[in-house]
Amino acid sequence: MSVRVRFAPSPTGQVHIGNIRAAIFNWLFARHEQGRFLLRIEDTDKERSTPEAVKAIVDALTWLGMNWDEEPVYQSTQHARHREAAERLLSAGRAYKEDKGGTGQGECIVFRMPGTDMAFHDEIKGDLRKKAEDMKDFVIVRSDGSPVFHLANVVDDVTMDITHIIRGDDHVENTYRHVALFQALGATVPKYAHLPMIVNAQGKPYSKRDGAAYIGDFRDKGFDPLALFNYLALLGWSPGDDREKMTREEMIAFFTLDRIKSGPAQMDLRKLSHLNGLYLAEQPMETFSGGVRAFLSKLDWGQALDETLFLDVCRLMQSRTPLYSAAEVWKYFFVELPDYDAKAVEKQLRKDGVKAVLTQIRAALAATDFSQPALLQAMRGVEAANGVGEGKLNQGLRVAVTGTTIGAGMIETLAVLGRERSLKRIDHALATLCG
RNA sequence: GCGCCCAUCGUCUAUCGGUCAGGACACCAGGUUUUCAUCCUGGCGAGCCGGGUUCGACUCCCGGUGGGCGCGCCA
């Protein structure tokens, strides 16, 4: 029988990074096995389920490039099947009615556990077992007639012919209940694979308090979906050799359940950023500039940028941009005068002698056509005249022209900035910033 | 409390009894037009502890410690 797996989120808010990772593993497994990847929306909780949340799930999967192979199943449309299953269990004596008092009122339906020790094989954790006395009967239908998660989940997996259930570690204990339910329903028990959790620095489940936790956060921060997908795939799984940056095809080719680790993994935003930078650096200019533009358009100075200048800046900065959002420091290319960093000004421009040298630089640059070779030659001339090493004068000039001590190569930056703005900024620095 | 699970550099990981325990991020040093947010080179850095099994354990077994999860008419 061919592989059929599913991603079954409940649409109650934003899509958590841990859930998306489960989706990625399911998707990768389905593609590797040439099976089917299905989507099921577990919207039985009427109070908390929203259409917006469904859209967020669909958007997240689409953004990350994960397609599903059949029409999504909405759990809320499966009530008849849930009820029917409960009735069958009742008449087979595998479930009974009881008024447990407490929250609900009236009788609910309770599933009777087998009363024997149980065991199942987990594709990641190996053989797992539990003693009969550690497993209690549990409610499958509430007194108001609505099915509880366990029943709905299992019945839907049966009707969808799911062969492998790949889900979070937090479900291992539920698995005994689910296995018992599959058996009582006369269905084939699927194979299970429980993924280790993504945790924070304290070892607790990773949450919004630990930084970006929803996939929308990553999109907003300027991450590339291919990079995020790659990074998440590496959390708990590895291809077996040293490769990390992989194409989708490589990941699919190497993905097997036995290569998934069983211990929890901690999210490392710095490593993700680095990987993201690698992806951005190799993007076609159209993709890169498009990503940056989408981000900059949210900033007050980033809306109606000169297209030629914008593309020049993109070419200059692409290789050193780890995130689209890092382009916020490009501001000095596009505004009248840069924001001058106080510490940089203090260190580079206030010192004795800077004014005189900067005046020489201004004159030398002004005499060129602002082509890179000419700019370089001009700087070399000033350096020689002052008896200082090559590049030694760059930082003062950089602060005068960009307001900061970091950026791309000085000569390239001057060329992109152009004659008019470069000279104007040097004049401004000479008049108001130098000591 | 009871049950289950997990445990290699700070972090993500490789290793499936014999390796100088490898790679990546981060960090440090040097280089790249004395910028770094790119890139290159080098460096620092790990088998939780205690017992076994074995000629030989990170790897297998037992115990401990630490951490996580579960024990709902939540999902």
Side-chain angles (χ1 to χ4, degrees), chain A residues 8-10 12 42 44-45 47-48 98-110 122 124-126 128-131 133-136 138-150 152-153 168-177 194 196-197 199 201-205 231 234-245 258-259 261-275 277-278 280-281 317-323 326-327 329 344 348 376 379-380 383 388-395 397-399 402 404-413:
Chain A
S10 34
T12 54
E42 302 208 332
T44 45
D45 188 337
E47 304 293 299
R48 296 194 297 155
E98 183 185 331
D99 185 344
K100 305 189 74 152
T103 324
Q105 27 191 292
E107 292 187 316
C108 54
I109 302 177
V110 181
D122 188 281
I124 296 170
K125 297 180 179 299
L128 266 24
R129 58 191 70 252
K130 205 169 180 72
K131 294 199 180 64
E133 59 263 37
D134 294 322
M135 297 179 284
K136 297 190 296 188
F138 59 99
V139 175
I140 52 176
V141 177
R142 301 186 187 87
S143 49
D144 67 0
S146 63
V148 168
F149 163 74
H150 305 293
N153 192 267
D169 233 354
D170 48 339
H171 281 297
V172 281
E173 298 296 324
N174 287 333
T175 304
Y176 297 95
R177 296 169 164 182
H194 286 97
M197 308 283 279
V199 300
Q202 288 71 45
K204 307 277 187 193
Y231 178 76
L234 251 18
L235 235 41
W237 173 80
S238 78
D241 54 24
D242 289 336
R243 78 185 78 203
E244 295 199 322
K245 183 166 176 295
D258 61 0
R259 293 217 53 82
K261 233 190 64 158
S262 56
Q266 193 176 314
M267 188 83 178
D268 183 356
L269 268 355
R270 290 175 306 189
K271 182 158 182 168
L272 168 59
S273 292
H274 176 263
L275 222 210
L278 260 30
L280 295 200
M317 304 301 277
Q318 181 171 12
S319 71
R320 61 185 69 222
T321 303
L323 291 182
V329 301
Q348 297 294 339
L376 181 58
M379 287 304 291
R380 286 288 175 274
E383 285 156 359
V388 300
E390 296 183 352
K392 190 75 177 172
L393 269 22
N394 283 359
Q395 285 307 81
L397 174 60
R398 183 187 298 281
V399 174
T402 71
T404 175
T405 56
I406 57 184
M410 192 65 252
I411 302 300
E412 293 91 323
T413 300

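For the numbers below, each heavy atom of this structure counts, side chains included, while hydrogens, waters and symmetry mates do not. Bear in mind the structure is a predicted one, so any value in this text is a computation, not a measurement.
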Discussion item. As a test of reading the structure: which of U13(B), C12(B), U35(B) is closest to the side chain of T405(A), going by heavy atoms?
Written reply: U35(B)
Worksheet item: Residues two or more places apart in sequence or in another chain: which of them pass salt bridge (charged side-chain N to carboxylate O under 4.0 Å, His left out) with R259(A)?
Response: none
Fill in: With S10(A) via side-chain hydrogen bond (donor to acceptor under 3.5 Å, both in side chains) - residues at least two apart
none
At a cut-off of 3.5 Å, list every protein nitrogen or oxygen paired with a nitrogen or oxygen from nucleotides 37-39 of chain B, distance to 0.1 Å.
| residue | atom | partner | partner atom | Å |
| --- | --- | --- | --- | --- |
| A37(B) | O2' | R320(A) | O | 3.3 |
| A37(B) | N3 | R320(A) | O | 3.1 |
| U38(B) | O4' | S319(A) | O | 3.0 |
| U38(B) | O2' | S319(A) | O | 2.8 |

Worksheet item: So what's G10(B) paired with, Watson-Crick or G-U wobble, going by both distances under 3.5 Å?
Response: C25(B)
Worksheet item: Quick one: does S262(A) reach the base of C6(B) with a side-chain donor-acceptor pair under 3.5 Å?
Response: no
Worksheet, complete the sentence: Rounded to whole Å, the NZ-P distance (K131(A) to G3(B)) equals 8 Å
Practice prompt. For L376(A), answer base if it contacts any base atom (sugar-phosphate contacts may also be present), sugar-phosphate if it contacts only those atoms, and nothing otherwise; contact means non-hydrogen atoms under 4.0 Å.
Written response: base
Discussion item. Would you measure the distance from the C1' atom in A24(B) across to the matching atom in U8(B) and give it in whole Å?
Written reply: 15 Å
Worksheet item: Can you tell me how far C1' in C36(B) sits from the matching atom in C27(B), rounded to whole Å?
Response: 16 Å
Worksheet item: Which listed nucleotide (A75(B), C2(B), A14(B)) is nearest to the side chain of S10(A)?
Response: A75(B)
Worksheet, complete the sentence: Atom CZ of R129(A) and atom P of G3(B) are separated, to the nearest Å, by 16 Å
Please write out each protein N/O paired with an N/O of nucleotides 61-70 of chain B under 3.5 Å, distance rounded to 0.1 Å.
| residue | atom | partner | partner atom | Å |
| --- | --- | --- | --- | --- |
| G68(B) | OP1 | K204(A) | NZ | 2.4 |

Worksheet item: If you look at every strand shown and take non-hydrogen atoms under 4.0 Å, does K245(A) touch a base, only sugar-phosphate, or nothing?
Response: nothing
Discussion item. Taking salt bridge (charged side-chain N to carboxylate O under 4.0 Å, His left out) as the definition, give me every residue that meets it alongside K245(A), ordered by chain and number, with sequence neighbours left out.
Written reply: E282(A)
Discussion item. Does U34(B) have OP1 or OP2 under 4.0 Å away from a side-chain N or O of R398(A)?
Written reply: no
Item to complete: Using a heavy-atom cut-off of under 4.0 Å over every strand shown, decide if E244(A) touches base, sugar-phosphate, or nothing.
Response: base
Worksheet entry | P-based separation of G64(B) from G47(B) [nearest Å] | 23 Å
Worksheet item: Looking at residues at least two apart in the chain, or sitting in another chain, which of them share a salt bridge (charged side-chain N to carboxylate O under 4.0 Å, His left out) with D45(A)?
Response: R48(A)
Item to complete: Using the C1' atoms only, state how far A7(B) lies from C58(B), rounded to an integer number of Å.
Response: 11 Å
Worksheet item: Can you list the residues that meet the side-chain hydrogen bond (donor to acceptor under 3.5 Å, both in side chains) rule with R142(A), with sequence neighbours excluded?
Response: S146(A)
Response to the item:
Rounded to whole Å, the NZ-P distance (K261(A) to U15(B)) equals 11 Å
Response to the item:
By side-chain hydrogen bond (donor to acceptor under 3.5 Å, both in side chains), Q395(A) pairs with (sequence neighbours left out) R398(A)
Worksheet item: Looking only at heavy atoms, what is the nearest atom pair of D268(A) and Y231(A), with distance?
Response: N-OH, 2.8 Å
Worksheet entry | Proximal nucleotide (of U15(B), A75(B), C73(B)) relative to the V139(A) side chain | C73(B)
Worksheet item: Is there a Watson-Crick or G-U wobble partner for A37(B) with both distances under 3.5 Å, and if so, which one is it?
Response: none
Discussion item. Whether the side chain of R270(A) and the base of U11(B) hold a donor-acceptor pair under 3.5 Å is what I'd like checked.
Written reply: no
Practice prompt. Can you tell me, in whole Å, how much space there is between the C1' of G45(B) and that of G23(B)?
Written response: 14 Å
Worksheet item: Residues two or more places apart in sequence or in another chain: which of them pass salt bridge (charged side-chain N to carboxylate O under 4.0 Å, His left out) with D241(A)?
Response: R243(A)
Item to complete: Classify the nucleic acid contact of G389(A) as base, sugar-phosphate or nothing, counting any heavy atom under 4.0 Å across all strands shown.
Response: nothing
Item to complete: Report the nucleotide, chosen from C5(B), C73(B), U34(B), that has the shortest atom-to-atom distance to any side-chain atom of K100(A).
Response: C73(B)
Discussion item. Suppose you measure atom P in A46(B) against the same atom in G63(B); what distance do you get, rounded to whole Å?
Written reply: 30 Å
